[in-house]
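Keep in mind that this is a model prediction, so the values were computed, not measured.
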Amino acid sequence: MGNLKTFFSLDYFRLKKVRKILKKINSYAAEMATLSASALQAKTSEFRERIEQGQETLEDILPEAFAVVREADKRLLGLYPYDVQVMGAIVLHYGNIAEMRTGEGKTLTATMPLYLNALSGQSAMLITTNEYLAIRDATELKKVYEFLGLTIGVGVRNDEKKMTVTQKRQVYQSDIIYTTSSALGFDYLIDNLADSPNKKFLSPFNYVIIDEADAVLLDTAQTPLIISGAPRVQSNLYRAADNFITTLLADEDFHYDKEKKEVWLTQKGIDEAERFFSVKNLYHPDHFELVRHLTLALRAQKLYKLGKDYIIDNNKIKLVDQKNGRILEGTKLQSGQHQAIEAKEQLKITQELRAMASITYPNLFLMFKKISGMTGTGKPDEAEFIDVYNMEVIRIPTNKPVIRKDYPDLIYTTLPEKVAASIAQVKKIHKTGQPILLITGSVRMSELYSEILLLEAIPHNLLNAHSAVKEAQMIAEAGRLGSVTVATNMAGRGTDIKLSDEVKKLGGLAVIGIERMVSERMDLQARGRSGRQGDPGFSQFFVSLEDDLLVEYGSAWLLDYFKKYKDTVDESRPQPLKAGKFKRAVRNAQSASASNGRSARNMTLSFDESVKIQRNKVYSMRNQLLSEKEFIFDAQSVIEGAIEDFIASHPNMDSFVLERYIFDHISYSFAGIDSDFDLQDKKAVKQLLLDLAMGELQRKKELIHQQFDDFQRVAVLRAIDESWIEEVDYLQQLRIVVSGRSSAQRNPIYEYHREALLSYKDMKKEIQKMTLHYLMLSEVSYTPNGDLSVYFI
């Protein structure tokens with residue numbers, strides 16, 4: 001009880017500070033209302049001048065600036081932000097999460113902090129979950145920002161045309177930018193693959209508001225953004241490994257940990273593999289690729305489910321976002337996992353590509369100077385937001401009281417019993433004309449309910465990974481008289497479901513949840529589709545002991561109960577389980593699931609720490625190379641380092657190895673080593689190689705004169721990129737390999753960081769070696785137009 005009191009007192013004091021600022025903002029309302037259009041517009045120049053002169057900070061001018069935007073919203077949009085919307089805006093400016101219920105007007109709320117932070121001369125971004133919302137909101141609010149003298153850019157398009165570098169640069173140089181999390185992430189990676197300054201387009205990250213912050217920062221935290229390229233040599237082990245895995249027995253040949261989502265071969269399984277593939281020691285280094293493919297096949301069979309984790313569309317595997325049922329277009333699992341699933345489903349195995357660049361959403365957004373967010377359901381995970389992002393979740397009061405009724409769960413023993421009970425309720429409600437939003441936890445379940453509704457002759461809309469094209473429109477129409485909408489969880493976030501007066505009289509929107517979600521926050525998201533802005537409505541969840549949540553995270557006694565009574569129930573007359581212990585069991589299972597999700601996200605962050613450090617160093621090195629007007633580069637030092645590494649790795653030098661190294665890295669025209677040359681004299685070997693290299697470098701310098709620095713810059717950049725691509729790809733594979741080491745009582749995170757550090761040291765040596773290679777063996781010439789042409793071999 002003490003913790004509960006502390007929680008409410010904290011929220012009370014947080015809002016008390018916000019209300020004090022709100023009072024100051026309201027004090028300017030009358031003054032702003034009397035200003036002419038030109039006088040209101042002139043406020044932007046005035047604010048910027050006050051900031052530039054160092055007279056005031058953004059916080060000093062916040063009350064007046066928010067009042068200006070509020071007045072502009074009223075004049076141009078016909079919408080005057082409510083006090084609660086202004087309170088949300090204050091929370092956003094101070095770098096926290098504003099928890100605002102569905103329908104409370106988060107789109108309008110964002111106009112105030114975006115305007116204020118753009119006054120600093122650095123951009124302010126709003127991140128949405130999809131292209132439709134980014135374009136819709138930017139188009140709707142453009143007139144406000146431009147009226148106030150600010151430029152606005154949109155980082156996504158509603159067609160398939162790619163934006164040019166010039167177009168992207170214009171977007172990111174705008175005062176205010178609307179885009180999506182994935183578009184920004186890929187733009188960041190692409191920008192850091194640029195090989196010349198005129199191909200870069202990003203501006204420094206300053207201030208960002210993340211709409212649906214929980215979806216972006218938590219639900220997708222484990223899904224890295226990856227740019228792939230440079231195909232590998234195709235392996236023929238995928239089908240063989242899959243064929244073998246299908247012969248294994250659970251608990252005997254392999255162990256599957258449902259909570260940790262880990263699977264590995266037992267000793268019996270290892271013995272079977274050695275017999276099947278005719279090898280003596282499966283874990284000998286020579287069999288690394290075989291072990292990798294067996295691990296991938298085992299994971300494909302046990303961790304990835306058709307209809308839940310992926311679908312098959314036009315004979316292609318397409319990944320599905322489990323949280324919202326949307327297809328993750330253009331996204332593939334890395335390190336061969338995608339190909340292993342293709343083998344499992346007997347599809348054509350696509351080319352396995354190397355990862356060239358990657359970043360997770362947490363590390364992307366933590367690069368901003370100030371980060372804030374909006375969501376309707378952030379409170380249950382406030383501790384994680386504070387720990388990872390240093391953002392508090394401040395609950396903003398609703399403009400009108402919430403009158404939606406949230407009924408207790410109806411819990412049944414079997415899945416058929418639950419389906420029968422939920423369909424019976426849908427039929428009962430549908431007869432009255434009251435609209436229904438039926439929310440499922442997976443694509444597979446949404447399709448099952450759609451088929452049943454068709455058999456019952458109930459017209460409905462199905463919104464899942466296969467039918468998300470008109471998502472916003474379908475969700476917006478879910479409140480129409482007599483409508484039935486079947487949707488996966490979180491579909492249509494950012495789109496209001498508006499009700500007619502007739503529907504309100506019938507009781508508003510009925511939200512029926514077909515299963516409890518993996519966290520309380522997602523349940524609240526589902527419930528929040530109903531009851532916007534004081535509208536009536538109700539929510540009701542149906543649960544069975546066969547639901548994924550209870551099967552994976554439920555107590556052992558639940559399984560015993562199910563086994564004992566599953567054959568005694570009458571599915572034609574479903575009877576809910578009344579005892580309070582079942583409701584507690586559901587809550588406990590959901591709590592365990594949410595805890596497991598937090599642990600998985602923490603592990604992802606921990607794994608990504610090594611990548612983050614390496615990425616920052618490499619990208620900093622690249623940016624320095626591209627931005628320096630005068631290229632300062634000690635070529636001799638780098639060449640010496642590469643030569644010394646080569647000599648150190650060959651303590652017993654022979655003429656063949658030395659000549660091969662010269663031909664491969666320094667010169668094709670080397671005449672050969674003198675017969676009396678002492679190959680064991682390391683100083684003499686080093687001097688020979690150094691003289692050859694510096695001579696070749698001098699030859700190129702005399703050939704290209706003033707453009708020699710540009711040539712060196714390009715050569716070094718090429719060496720960094722080649723080495724970094726190999727490193728990123730290796731680290732992606734390493735994560736899969738070490739994840740299985742927990743079965744051997746070894747800490748996978750420690751193992752990963754240890755191996756990553758060794759790999760990073762090897763990469764630095766590789767950069768030196770590749771720099772030598774590109775400086776020496778590249779061909780330089782001039783085009784007929786007099787332009788320098790460099791061909792890297």
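Between Phe711 and Phe708, the angle of the ring planes lies from 30° to 60°, which puts this pair in the tilted group.
No side-chain heavy atom of Tyr730 sits under 4.5 Å from any side-chain heavy atom of Met763. Side-chain contact between Gln339 and Thr350: present, with at least one pair of heavy atoms (C-beta onward) separated by less than 4.5 Å. Side-chain contact check for Leu189 versus Tyr619: some heavy-atom pair is nearer than 4.5 Å.
Residues Tyr283 and His287 keep their aromatic ring centres 6.0 Å or farther apart. Ring-centre distance between Phe244 and Phe277: below the 6.0 Å cut-off.
In this structure, CZ on Phe201 lies 5.5 Å from CD1 on Ile190, to the nearest 0.5 angstrom. Ser610 contributes atom OG, which lies 4.5 Å from atom NE2 of His753 (distance to the nearest 0.5 angstrom). Annotation: the span from Leu772 atom CG to Ile643 atom CD1 amounts to 6.0 Å, rounded to 0.5 Å. Here the CZ atom belonging to Phe646 is positioned 8.5 Å from the CD1 atom belonging to Ile666, to the nearest 0.5 angstrom. The CG atom of Asp187 sits 4.0 Å away from the NZ atom of Lys168 when rounded to the nearest 0.5 Å. One finds the CG atom of Leu364 at 7.5 Å from the CD1 atom of Ile127 (value rounded to the nearest 0.5 Å).
A salt bridge links Asp721 with Arg622: the distance from a Lys NZ or Arg NE/NH1/NH2 to an Asp or Glu carboxylate oxygen falls below 4.0 Å. For the pair Asp195 and Lys199, the salt-bridge criterion is met [side-chain N within less than 4.0 Å of a carboxylate O]. Ion pairing between Asp309 and Lys305 fails under the 4.0 Å rule for side-chain N and carboxylate O. The pair Asp191-Lys200 meets the salt-bridge criterion, with a side-chain N (NZ, NE, NH1 or NH2) lying under 4.0 Å from an Asp/Glu carboxylate O.
Looking at residues two or more places apart in sequence or on another chain, you find a side-chain hydrogen bond (donor to acceptor under 3.5 Å, both in side chains) between Glu702 and Gln698. Listed by chain and residue number, Asp253 satisfy the side-chain hydrogen bond (donor to acceptor under 3.5 Å, both in side chains) test with Lys268 (two or more places apart in sequence, or in another chain). Listed by chain and residue number, Lys686 satisfy the salt bridge (Lys or Arg N to Asp or Glu O under 4.0 Å) test with Glu644 (two or more places apart in sequence, or in another chain).
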What's the verdict on ring-ring contact (aromatic ring centres under 6.0 Å, His included) for Tyr172 and Tyr188, showing C-alpha distance, side-chain angles and the deciding distance? CA-CA 11 Å; Tyr172 286 107; Tyr188 171 76; over 10 Å; no
Please determine whether side-chain hydrogen bond (donor to acceptor under 3.5 Å, both in side chains) holds for the pair Ser123 and Asn206, giving the CA-CA distance in whole Å, both sets of side-chain angles, and the decisive distance to 0.1 Å. CA-CA 6 Å; Ser123 64; Asn206 176 42; 5.7 Å; no
Could you go through Glu345 and Tyr310, starting from their C-alpha distance and side-chain angles, then the distance that decides it, and tell me whether this counts as side-chain hydrogen bond (donor to acceptor under 3.5 Å, both in side chains)? CA-CA 11 Å; Glu345 299 295 345; Tyr310 64 91; 2.4 Å; yes
Might you work through the side-chain hydrogen bond (donor to acceptor under 3.5 Å, both in side chains) test for Thr180 and Glu131, ending with a clear yes or no? CA-CA 6 Å; Thr180 65; Glu131 290 85 354; 4.8 Å; no
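Donor-acceptor pairing under 3.5 Å is lacking for the side chains of Thr166 and Thr164. Side-chain atoms of Thr266 and His255 form no donor-acceptor pair, as typed in the model, at a separation below 3.5 Å.
Side-chain atoms of Lys318 do not come within 3.5 Å of backbone N or O of Asp313 as any donor-acceptor pair.
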